[in-house]
Every structure is written in structure tokens, then in C-alpha cells.
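Small disclaimer: the values here were computed from a predicted structure and weren't measured. Every chain is numbered from 1, with letters handed out A, B, ... down the list of sequences.
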There are 2 protein chains.
Amino acid sequence: MRPKSVVKEEAIVNIALQIISEEGLENLSMQKLAQAANISPRTIYLKYENKEDLLIKLFIDEVLGAYEKAILTGFDEGMEFAEGIKKLWQNGFQYMKNNRYAFSLMQYGKTSPLLNKAYAERNIQQGQFFAPIHRFLKMQVKNGIVKSLPFEVQRALLFAPFYDLMNEYFEHLDRPKQIITDKVLRDTCEAVISGLLKQS
Amino acid sequence: MRPKSVVKEEAIVNIALQIISEEGLENLSMQKLAQAANISPRTIYLKYENKEDLLIKLFIDEVLGAYEKAILTGFDEGMEFAEGIKKLWQNGFQYMKNNRYAFSLMQYGKTSPLLNKAYAERNIQQGQFFAPIHRFLKMQVKNGIVKSLPFEVQRALLFAPFYDLMNEYFEHLDRPKQIITDKVLRDTCEAVISGLLKQS
DNA sequence: CAAAAGTAAGTAAACATTCATTTACTTATG
DNA sequence: CATAAGTAAATGAATGTTTACTTACTTTTG
């Protein structure tokens, strides 16, 4: 039996992410992808059932899965509050810097109904990625460190500014000067932390 | 001369926003829009040059323009810091609650290359919407009230959580219980404010 | 040589956009 | 004040192109 080419499988994934990042999700077509990856359209359909299947697997496996794993590396629910959040931000920044294309598709997860649905379903099925962070925050509230707010609100306060900064970071990559430096990121993280602390 | 039907013009705009919100930007086609609005495809081209023109005008005029106007109503650069930010959040929440479809297209402004480009170009041409808020924040830094951070970072800290909450608000509209209440929004706004204050 | 991997060349359906007309209304005239 | 001329609004059907996906065949391996 002829063995499958790993090179081609990786090309599909990487070039798809690149097209999405550079031209937008709406401009990724199966034909364009095949041509750019120098393969036949049919080859994509050996690995993926259809376009929807491809997009969802890219989003869930290649992007979200890898990101969630990266962000939780070295993070421990027992950490002190500020220490834990800083670790998450550091990990996130490190990962994103090296995975610009993944970041682009991740952003589509909030707008595209298809990806949004896939994301919600996955979080229901397999006890979600945010579980350790959820428990971490719950403990901080219990210990009187952090303001008692719904988890969704805490998550918004802690991470929404981070994604905004990453967006800014990538936009400034193409410009003469980068404003999102490690120091700026640390300062922003501090601001986010102090906003959630109980004693203001 | 046959008078033009305002009803039809409005139908194009409203139904386009509805389709984008419910099915996604990538699933809006000119023919589908025409059918849903009960007009001929040709009629859309009387008002708009092409699909790109339609999308950009929807985004810039119908969505961003209306939002920016709404959010700045009753806001004054001379306001006290917390007061000013609370006003912006209140205005934003009020507007968004009544314009779910507009919110959806607004979110696409961050991901869609087409809309992103249109947004950037507009902000360069006509001295941007954020100018009063920019000056407001600059003054607060000068007066030693607010942490000295790049404007982009302040904007991220102040407003990124807001959009996240609006997303959550709309998702919970279809569920039995709403978690994003006026009180939760006020509390979140307070947290955002305290994160930016110089004395923690 | 079995059998999966891979391909070139298709397919029907959907796409954005246009053409050639018709419709609905205003207005100038007998 | 009836009616025909004029005109912008609006249209249904068609344009060529691109789409996601398939068919029929070839290549490459154990």
C-alpha cells in the first residue's frame, strides 16, 4: 500500500491557515488551497470530509487545541493570583508571537457562525479548556482576593484586552515601530490584575 | 418620474444586516439578499456599485457611524474620569441592546480584511471617532489620574471587555437567564476603571 | 499485484453582475 | 381635466465565472 505523504498533509494545514490570515476566511476556496499547496483538490478530500470539516478541524485541533495547551504550560491552579495571570499572559504572548496565522483563524471563532458553533459544542462535550482557570478564579474569590463576578465577566476582564493587544502587535509588525513590547504587555497585565483585585 | 421606494432602500440595509448576523458575512449573497428583501437583484445595484461597496457602506455608515454618534452622546472631554467612562459604557450598552444586527457586522470589522481596510482608511481620512476619547484620556494621564500607557493599550483595557460582554449578552438572549444585567455591566465598568487608575 | 494515495479533468449549482424591458408616476399640452 | 410624452425606478432572465465536490484513471508502495 502506498503510504500517505505527511508533507502534503502539513501543507494543507499550513497553507490554509496562511490564506485565511492573509486573504480572510471568506476567500479560502478548496481550489485555491489545492493550487497553492501544489496538490489536486481531490487530495484534500482524502483527509477531510468537506470544507466545513476542514475548517472545524483546523480551528479546533490546529489552533485552539495547540493554544490551550501552550497557555496552560507551567500554570497551576494553586498559584498566587497575580503570578497565575502573569503566567497565562506570558504563555499566550509567547505562543501568539510564533503563530500569527493561528491567531487569525482564532479571531474568526468569535464571528463565524460555523466556528462559533463548533467551539460551543466542543466546550460542552469535553469539559472545557477553561476549567483550570475557572477553578483558579473561584478559589481566588473564595479567599477574598478577587472581586466576586460571573466567570464570563472575569474572563472578559482578564483576556479580552490581551487579544486586542495581540491584534495591535501584528498590525505593528508591518510598521517601522512596535508599540506592544514585553514591558507594555507586562504593564497591561498588571492593570488587568489590579482591576480584578477586591481591595482597590 | 416614478418615485423611489424608501421602503426598499431600508429593506436592503436591514435584511442584509439580519442575514449577516444570523448566517454570517460569508453567507450573504446578492441574490439571497434580493430574494429576502423581495426585490430584483438589479435593484440593489441601483443604489450600490457592487457587493464590496454595499458591505463597506453598511459597515461604515449604518453601523460604525450610528454607533460612534450614539456612544458620544452626552459625553464631554472635561468629565471626571470615572464619570466619563461610565457614560461611554452606558451609551454603548443602550445602543447595542437595540442594535443586535449592527453589533454582528461590527465584530466582523476586526476579522474581515475588506472591512478592516475600509475602517483604517476612514480613520485616516476623517480625523477619527476616537479623537475626543483620546484627548480625554490624555488629560487624565496629565492630571495624574490615569496610568501612562499607549493609547491603544488604554483603549484595549477600557473597551475590549465591553465587546466581550455584549457578545455574552446576545448569546444569553436566547437562553432562559440573562447574566449580563445593568448591575453586572456597572460592576465590570468599575473594575475596568480601577485597573487604569494610577493609585491602586 | 492488491490497494490506498494521488491526480487531471470534469460536474452541477451558486455566485456577482448586466441586459433589455416594463412599471409607475409626473407633467405638459389640446 | 383627459391624455400622451417623458423619465427614473424596478425588474426577470441571462451572462460568464467560481464554487464545492466527483469521476475515472494513474502512481507508488508493501
Side-chain angles (χ1 to χ4, degrees), chain A residues 1-60 62 105 108 111-115 117-118, chain B residues 1-60 62 105 108 111-115 117-118:
Chain A
M1 177 175 85
R2 182 177 179 177
K4 65 183 169 185
S5 159
V6 183
V7 174
K8 277 171 189 162
E9 287 191 342
E10 285 174 353
I12 294 172
V13 168
N14 294 330
I15 292 175
L17 288 177
Q18 186 180 347
I19 292 175
I20 291 168
S21 181
E22 290 173 353
E23 303 177 41
L25 184 58
E26 61 273 30
N27 290 311
L28 175 76
S29 84
M30 299 302 259
Q31 296 181 124
K32 189 188 272 184
L33 172 57
Q35 199 161 30
N38 229 315
I39 55 170
S40 156
R42 184 71 180 80
T43 305
I44 303 171
Y45 288 91
L46 296 174
K47 183 112 206 273
Y48 303 98
E49 221 176 289
N50 48 41
K51 191 183 180 182
E52 190 172 317
D53 184 45
L54 165 68
L55 288 177
I56 288 175
K57 280 182 177 152
L58 277 180
F59 178 61
I60 298 286
E62 303 295 329
L105 180 53
Y108 277 103
T111 50
S112 153
L114 172 68
L115 300 182
K117 198 180 145 223
Chain B
M1 176 175 85
R2 183 175 178 175
K4 68 179 168 188
S5 159
V6 183
V7 175
K8 277 171 189 163
E9 286 191 346
E10 285 173 354
I12 294 173
V13 168
N14 294 330
I15 292 174
L17 288 176
Q18 187 179 347
I19 291 175
I20 291 168
S21 182
E22 290 172 354
E23 303 177 43
L25 184 58
E26 61 273 28
N27 290 311
L28 175 76
S29 85
M30 298 302 259
Q31 298 184 111
K32 188 191 273 186
L33 171 57
Q35 198 161 32
N38 228 315
I39 54 169
S40 159
R42 188 67 185 80
T43 306
I44 302 172
Y45 288 89
L46 297 175
K47 182 115 206 278
Y48 303 97
E49 219 176 293
N50 49 39
K51 191 180 181 184
E52 191 171 317
D53 184 45
L54 165 67
L55 288 177
I56 288 175
K57 281 184 177 152
L58 277 180
F59 178 61
I60 298 285
E62 303 295 329
L105 181 52
Y108 276 103
T111 49
S112 155
L114 172 67
L115 299 183
K117 198 180 145 223

Counting C-beta onward and ignoring hydrogens, is there a side-chain heavy-atom pair between [X] and [Y] closer than 4.5 Å?
X	Y	value
B/Y48	B/I12	yes
B/L28	B/L33	yes
B/L54	B/M30	yes

Any residue meeting salt bridge (Lys or Arg N to Asp or Glu O under 4.0 Å) with B/K32, in chain and number order, not counting sequence neighbours:
B/E23
Any residue meeting side chain to side chain contact (heavy atoms under 4.5 Å, CB included) with A/E26, in chain and number order, not counting sequence neighbours:
A/Y108, B/E26, B/S112, B/P113
Which residues satisfy the side chain to side chain contact (heavy atoms under 4.5 Å, CB included) test with A/E10, sequence neighbours excluded?
A/V6, A/N14
Any side-chain N or O of B/K8 under 4.0 Å from OP1/OP2 of C/dA24?
no
Going from OG1 on B/T111 to CD1 on A/I20, what distance comes out if it is rounded to the nearest 0.5 angstrom?
11.5 Å
How many Å lie between [atom1] on [X] and [atom2] on [N], as a whole number?
X	N	atom1	atom2	answer
B/L46	C/dT18	CG	P	12 Å
B/I44	D/dA9	CD1	P	16 Å
B/E9	D/dA8	CD	P	16 Å
B/Y48	D/dA10	OH	P	13 Å
A/I12	C/dA5	CD1	C1'	12 Å
A/L33	D/dT19	CG	C1'	14 Å

What's the angle between the local helix axes at either end of the helix from C/dC1-D/dG30 to C/dG30-D/dC1, using five pairs per end and rounding to 10 degrees?
10°
Give me, pair by pair, the N or O atoms of the protein and of nucleotides 9-16 of chain C that are less than 3.5 Å apart, along with how far apart they are.
{"residue": "C/dA16", "atom": "OP1", "partner": "B/K51", "partner atom": "NZ", "Å": "2.7"}
{"residue": "C/dA16", "atom": "OP2", "partner": "B/M30", "partner atom": "N", "Å": "2.8"}

Pairs involving residues 45-56 of chain B, ordered by first then second residue, that meet salt bridge (Lys or Arg N to Asp or Glu O under 4.0 Å) (sequence neighbours left out)
B/D53-B/K57
